[in-house]
Student: 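Below you'll find the structure I mean.
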Amino acid sequence: MTTLDSSKEIQKNNSEVNETHEDFRMFGLITFLIADGMTFAGFFAAYLTYKAVNPLPDGAIYELELPIPTLNTILLLVSSATFHKAGKALLKDKNSDSQKWLFFTAFLGIIFLICQLFEYFHLPFGLTDNLFASTFYALTGFHGLHVTLGTLMILIIAWQSRINGGRLTSRNMFPLEAVELYWHFVDGIWVVLFIILYLL
Amino acid sequence: MTISIDPQKTNNESLQPKGWLRYFSFSLDHKVIGIQYLVCGFLFYLIGGTLASAIRIELASPMSDFMPRDVYNQVLTLHGTIMIFLWIVPVVNGAFGNYLIPFYVGARDMAFPRLNAVAFWLIPPSGLMLVASYFVEGAAQAGWTAYPPLSITTPQSGQIIWILSVLLLGGSSIFGGINFIATIIKLRRPGLKLMQLPMYCWAMLGTSLLVVLSTPVLAGTLILLSFDIIANTGFFNPVLGGNVVVYQHLFWFYSHPAVYIMVLPAFGLVSEILPVHARKPLFGYTTMVFSIMGIVVLGLVVWAHHMFTSGTPPWMRLFFTIATAFIAVPTGIKFFNWVATLWGGKISINSAMLFSCGFIINFVFGGITGVALAQVPFDIHVHDTYFVVAHFHYIVYGGTVFIIFSSIYHWFPKVIGKMLNEKLGILHFIITFIGFNLCFAPQHWLGLNGMPRRVAEYDPQFQFVNQISSLGALLMAISTIPFLINVFLSVRNGKNAGDNPWNALTPEWLTSSPPPVENWEGEAPLVEEPYGYGKEISEQK
Amino acid sequence: MLNKKIYLILIISLVFAISFWIGFNVNLLPAEASINAPIYDELFKILFIIGLIIFIGMTIAVIYSLFMFRKRNDQIGDGIALEGNLSLEIVWTIIPSIIVLLIGLYSYNIYDRMGGMKELNHNHEMMSSNTEKIWAGISQTSDNEIAINNLSIEVSAMQFAFLFNYPKGNFISGELHVPVDQKVSMRMESKDVIHAFWVPEFRIKQDIIPGQPTILNFTPTKVGKYPIICAELCGPYHGGMRASIIVEEESDYNEWFNKNKKPEVNL
Ligand code: HEA
Ligand code: HEA
Ligand code: CUA
Ligand SMILES: [Cu+2]
């Protein structure tokens, strides 16, 4: 099948299974993730500049504890692995296995968010306390938004994979692959964020 | 969503809204979307132009007498924002990109038709919201650059609406960019090589890369700014320990590339128009491609030339001077190539050609003042004066808007199937060209001699020159009239154009005019030489 | 063929001649009243001439081709199938590169002569003894030179006025008085939004930024009264935010200074 025909196909039926589409839908998603990554890059750049040129005023509190974010890092890394498992299971037509792994991944995502909220409530500074506090909340909050979105999408595809021959099958892997890529991306951003915000 | 076309039924014409009605629907057809972009953009151009006229009326006298001072600031903010985000960017990218790119790559539609329609339908509401913000508490009044702390301290509702609207428009532009990249890279007809694509594809590829890489940064910045306004954080608020210059860096990281987002597609369009009317191949295809990519790369690393008088350290000023000035090299290559394309041709002097040549002359002028501005010591004197206003109007109006008109004259027969009236077209060109130069050339002098920009009142010694400029603006407003008459008359009873009135070789002309729903009746033709003019003749010899 | 070359050379020299003539005879700039101004005008002249040559050259080329290669009524068919010419393309890549490089180096030199590349950190009288972080500006001189005369001025800008604080005389003025031919050093900070200090006759400008002090040094050379213009949008009355700088003979300046001077406040 030629690419030309596939362009016609996709107009005709968006949800229909067709291998040749995946290619450029995935391509579009990657482009989008690059764009999204640039938003984070902007935030990071701002944070690093602040750090370099705007020293904390006397008496300002900006202390971060490491245990929770470290746990969160591990959670996300594990969740990336479990997501991968889900994909493998689906490829072998083991839909219920795949679904289990997906739910587990979503569960890890939720734990991550809970830990994040827990950290927020126990930090000694609030959103408007100082520049670094604000930047900290903006960055982690924006990332948390991504995790929330990702978790929701995982739940949706988990729901879709519930039956053999349903909307998400080994022949229509695209939704899973797309969400997986997104999830790895969110993961990667977290690692960068963890290094820049907590370790530097 | 009024009437939506199911993608399954695109082939079934009876289910589509008929005639002009489909332009008000959530259509997935790239040609319909292209026209939607163009008409919507043009309406906003009229609004932005009306605001510009208000500016010029106010400035016809040295006192602030035509409107209150804060309204003046709102007017110039809206003028800048509308012209950039609702006229130039959507039209040179969205309108022409949507209409032409699928033809050029030999596809039946864009890669993501739905995303495409969404991208367009984000524009009218955010534009209307922006205009309507005037009636709430007053529109945003911190200039289109929205520098904090001013943007934090002026009335908040207007600024927030401005931010929201620019965010939506940015989103629209990112969706468009993703779509163009995917279409150009992935949807090419089998057998069509990258280096055989018409130049506009390359221009759009470069532009879309810039869109995807830089627009998100603007989005992030504006989100931070809105936090400063709503949630009382202090990212850019010095009272709370923030740093106002960081905003400027982030803002210009987008907004400098944005100027190439406004002009690279125009470069592409002119590369399509000149060869057709000069009956010659585009000169130096390969160097053109490289210079586009060169502009993309350089364009990402020159942003701080807008900040020479802000808090930037000396070494930074120096680096940005050199990097900025070097953009003249790839840009120059393109201009020399265009002149070489004209050289030795058989040039039809028509409206499309005249607007394109007007573009070359105006843009070279604006580009040269740009290179002067890039020199730190030069810029220190004229920064934030009318010299800068003159520089960029020479480029955005004398450059991009001229090309938009040129393209309308060139592709109107394709879209409608009828010719535009040449006499009215040439009249339009003459008035526009004179009015434009009369309006903006004197502004260079104003800036050099001490008139800052964004002022409603000025030193009386500048009154005469300002009046000349206002006269020019009046001429520009008048010049729209023959254009509009021309379009209305020609749509109703213009001369029949036939399928290919210009005998052009680029793929969009190889189908009927106006084109059928999926662009080609049969298979898309493989156009290996979109600029192969003069080939048969030399072979016959 | 030879004929063509002669014409080409003739036209090019004509373009050069016209550009140089305009460059030297058309003055687009206001009076020169500081030592920066003549340096600036030198740069301006060069840029103006180069710009004119390129602009006139390109315009002639476009209009000439429109005229010479226009399609006559009886003509049919296409132009020559010329798709490129490598050596020509290399030439017009290299020549502009050299031009912009030379312009860049030259303007670096100009900037250096204006004082733009000087160390910014700056020990100001009224500040505590530790050096304060200065974010940007144009420095033209070492601090000691300024310290010996009284010309350290603190500028504060606010919506919509400039205030000039003369620490040595312990008074604040709304007008800036300076003696001619002496170096002046200003430390500037804004109280609210960003403003800018611009004196067109001096060819200097520097933003005045809240939270980030900047400095601006200059040496006036001509007695007279010049406008100080705020050049950064700062609110509705931005256009009205102006002040005057009065450059006067040293004796006049001293008289003015002594008249306004207030006795030191005892702590
Ligand atoms: C489409 C829009 C567009 C484009 C393409 C450009 C192109 C360029 N611009 Fe412009 N610019 C703006 C829109 C644009 N600009 C706007 C909107 C602002 C103001 C923003 C605001 O503050 O509101 C601005 C402001 C602006 C500034 C800041 C001024 C200030 O605020 O103090 C500077 C400074 O360096 C600058 C430089 C340049 C340069 C060097 C180019 C170059 O790309 C030009 C290159 C082209 C040529 C040089 C001509 C062709 C070349 C030749 C014929 C070759 C031979 C030439 C030489 C060897 C010199 N621009
Ligand atoms: C990007 C595109 C663009 C375009 C096309 C224009 C077009 C014009 N601009 Fe604009 N301008 C900007 C972008 C643009 N501008 C920007 C970014 C700024 C900076 C804003 C800022 O500082 O923040 C600016 C600022 C700016 C200023 C400086 C304001 C100031 O600093 O105080 C001036 C002053 O002369 C001006 C004038 C004009 C004029 C006369 C036109 C003319 O070319 C317009 C011609 C068009 C018309 C006159 C419309 C014709 C139609 C009618 C009038 C018909 C009537 C209406 C109906 C039928 C509904 N512009
Ligand atoms: Cu202060 Cu403008
Ligand atoms: Cu720029």
Side-chain angles (χ1 to χ4, degrees), chain A residues 1-16 20-50 52-57 60 126-135 137-139 141-142 145, chain B residues 7-11 28-29 102 105-115 174-175 177-179 181-183 185-190 208-209 211-221 223-224 227-228 231-235 240-243 245-247 249-250 253-254 311 518 523-524:
Chain A
M1 178 171 288
T2 61
T3 26
L4 177 68
D5 288 335
S6 72
S7 83
K8 197 169 173 180
E9 280 301 316
I10 193 145
Q11 280 174 37
K12 284 199 176 141
N13 200 332
N14 257 1
S15 53
E16 192 188 290
T20 39
H21 306 170
E22 248 117 276
D23 203 10
F24 68 79
R25 279 189 287 172
M26 215 53 188
F27 185 83
L29 179 67
I30 293 171
T31 328
F32 174 77
L33 291 182
I34 292 175
D36 203 16
M38 285 306 289
T39 324
F40 279 105
F43 286 152
F44 287 137
Y47 176 81
L48 290 174
T49 322
Y50 287 145
V53 300
N54 288 63
L56 269 175
L127 173 65
T128 56
D129 277 12
N130 60 53
L131 198 55
F132 293 92
S134 307
T135 327
Y137 282 110
L139 260 169
F142 194 57
L145 210 67
Chain B
Q8 282 129 330
K9 285 159 194 150
T10 2
N11 281 328
L28 301 184
D29 182 351
V105 299
R108 301 199 183 271
D109 208 317
M110 299 284 289
F112 309 108
R114 242 169 239 284
L115 188 68
I174 294 175
F175 291 157
I178 292 173
N179 220 335
I181 297 182
T183 308
I185 302 228
K186 289 285 173 186
L187 267 195
R188 249 171 310 127
R189 182 196 189 293
S208 303
L209 283 174
V211 168
V212 166
L213 289 177
S214 64
T215 318
V217 177
L218 175 75
T221 315
I223 289 171
L224 293 185
F227 277 145
D228 274 5
N232 206 23
T233 52
F235 298 110
L240 302 173
N243 185 330
V245 177
V246 169
Y247 173 88
H249 278 292
L250 291 172
F253 182 81
Y254 163 73
E518 288 200 321
E523 210 185 317

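As the structure is a prediction and not an experimental result, all values here were calculated from the model. Order of the sequence lines sets the chain letters (A, B, ...), proteins ahead of strands, with each chain counted from 1.
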Student: Within the 4.5 Å heavy-atom criterion, are Phe253(B) and Met38(A) side-chain neighbours or not?
Tutor: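 They are in contact (side-chain heavy atoms under 4.5 Å apart), so the answer is yes.
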Student: Where do Ala138(A) and Leu224(B) come nearest, in terms of heavy atoms and distance?
Tutor: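 Looking at all heavy atoms of both residues, the closest pair is CB-CD2, 4.0 Å.
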Student: Taking Tyr50(A) for the side chain and Phe235(B) for the main chain, is one N or O donor matched with an acceptor at less than 3.5 Å?
Tutor: yes
Student: Would you mind checking which part of Phe43(A) comes under 4.5 Å of any heavy atom in chain B, side chain (CB onward), backbone (N, CA, C, O), both or neither?
Tutor: side chain
Student: Which atom pair, heavy atoms only, marks the closest approach of Phe24(A) to Phe112(B)?
Tutor: O-CZ, 3.1 Å
Student: Enter the distance from Phe27(A):CZ to Thr183(B):OG1 here, rounded to the nearest 0.5 Å.
Tutor: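 Between Phe27(A) CZ and Thr183(B) OG1, I get 9.5 Å after rounding to 0.5 Å.
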Student: Rounded to the nearest 0.5 Å, what separates atom CZ in Phe32(A) from atom CG in Asn179(B)?
Tutor: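 So the gap between those two atoms works out to 13.5 Å.
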Student: Using a 4.5 Å cut-off on heavy atoms from C-beta on, say whether the side chain of Asn243(B) contacts that of Val53(A).
Tutor: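 Heavy-atom side-chain distance check passes, below 4.5 Å.
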Student: Please report the interatomic distance CD1(Ile34(A)) to CG(Leu209(B)), rounded to the nearest 0.5 Å.
Tutor: 8.5 Å
Student: So, taking the atom named CG in Asn130(A) and the one named OG1 in Thr233(B), what distance separates them when rounded to the nearest 0.5 Å?
Tutor: 11.5 Å
Student: So, for Pro216(B) and Thr39(A), which heavy atoms are closest and what is the spacing to 0.1 Å?
Tutor: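 Shortest heavy-atom contact: CB-OG1, 3.2 Å.
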Student: Roughly how far apart are Phe227(B) CZ and Thr135(A) OG1, rounded to 0.5 Å?
Tutor: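 Those atoms lie 11.5 Å apart.
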Student: For Gly234(B) and Ser134(A), work out which heavy atoms get closest and say how close.
Tutor: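 Where Gly234(B) meets Ser134(A) most closely, the heavy atoms are N-OG, 4.1 Å.
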Student: For a side-chain contact (heavy atoms from CB on, under 4.5 Å) with Thr31(A), tell me which candidate from Ile174(B), Ile185(B), Val212(B) qualifies.
Tutor: Val212(B)
Student: Under 4.5 Å from any heavy atom of chain A, what part of Leu250(B) do you find: side chain, backbone, both or neither?
Tutor: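 Leu250(B) touches chain A through side-chain heavy atoms alone.
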Student: Which atoms form the tightest heavy-atom contact between Leu131(A) and Gly241(B), and what is the distance?
Tutor: CD2-O, 3.5 Å
Student: Using non-hydrogen atoms and a 4.5 Å limit, figure out which bit of Ala41(A) sits close to chain B: side chain, backbone, both or neither.
Tutor: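 For Ala41(A), there is no contact with chain B at all, as no heavy atom is under 4.5 Å.
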